[in-house]
Structures are given as structure tokens and as C-alpha cells.
Amino acid sequence: ALPYTKGFHLICQLVAAMNPDDLDAMDESVPFTKATLDNLLGVQHNEESYRHYFDHFCKAQKSRTIEGPTDQIKKNVTWNYQDFLRA
């Protein structure tokens, strides 16, 4: 649900200098908060579009391949949507 294009890749390279912590979060197994996603993509998402991202993140997390004990933990976590929407 995260739009990824060559342009997005180039923007990430530029943003990395300004927001390294936000970009570092991309390889974590935690969804972006709405504020972080808005900052990274440079647009204000409405609740419907953020919900789409969040739901698809959770769906992808549940279907991940288990390669080790931490993968099982990551797969079993249930995120509270409201916490990420309001953070």
C-alpha cells in the first residue's frame, strides 16, 4: 500500500538527509504513524487513505515468511490503528 516508484526512491534519497530517523523506520516491522507517512510522502492523507496503508501493512505482516523467532513475534503483533492515527 506504500506507493513505490523510481521518483519515490529519489525523494527518499533527498529526504534521508533531513529525516534519517523516519527513513530508518522503513525497514522496521512497525507501521508508520500518519504524521510520519505524511511527512515522508509530502502530502496530508485523509483517514481513508491512511487506513488503506495501515490495513495493507498489517495484512503483509500477517503473511510474512517465518525465518526466525523474531519473525514469529512480528507476525503475531496486533497494532492499534487509533494509536498510529493520532501519534
### Query
In chain order, what residues pass the side-chain hydrogen bond (donor to acceptor under 3.5 Å, both in side chains) check against Q44, with sequence neighbours excluded?
none
### Query
Can you tell me how far NZ of K34 sits from CG of D83, rounded to the nearest 0.5 angstrom?
15.5 Å
### Query
For the side chain of Y50 and the backbone of D38, is there at least one donor-acceptor N/O pair under 3.5 Å apart?
no
### Query
Are any non-hydrogen side-chain atoms of N76 and K74 less than 4.5 angstrom apart?
no
### Message
When you compare the side chains of S49 and N46, does any donor N or O come within less than 3.5 Å of an acceptor on the partner?
### Response
yes
### Query
Taking all non-hydrogen atoms of both residues, which atom of L37 and which atom of H45 are closest, and how far apart?
CG-CE1, 4.0 Å
### Message
Could you check whether any side-chain heavy atom of D71 comes within less than 4.5 Å of a side-chain heavy atom of R64, counting everything from C-beta outward?
### Response
yes
### Query
Are there more than 12 heavy atoms of other residues, nucleotides or ligands under 6.0 Å from atom CD of E48?
no
### Message
Let me confirm one number: the CZ-CZ distance from F84 to F54, rounded to the nearest 0.5 Å.
### Response
5.5 Å
### Minimum heavy-atom distance A35-A87, with the two atoms named
CB-O, 3.8 Å
#### Entry: Y81 side chain near R86 side chain, heavy-atom distance below 4.5 Å
no
### Message
Parallel, tilted or perpendicular: which one describes the rings of Y53 and F32, with boundaries at 30° and 60°?
### Response
parallel
### Task
Check the pair L85 / E47 against side chain to side chain contact (heavy atoms under 4.5 Å, CB included), numbers first and verdict last.
CA-CA 8 Å; L85 179 65; E47 190 169 344; 3.5 Å; yes
#### Entry: Derivation and outcome, side chain to side chain contact (heavy atoms under 4.5 Å, CB included), residues K62 and T78
CA-CA 9 Å; K62 298 293 181 203; T78 302; 4.1 Å; yes
### Query
Between F57 and V43, is there a shared hydrophobic cluster once you connect ILVMFWY residues whose side-chain heavy atoms come closer than 4.5 Å?
yes
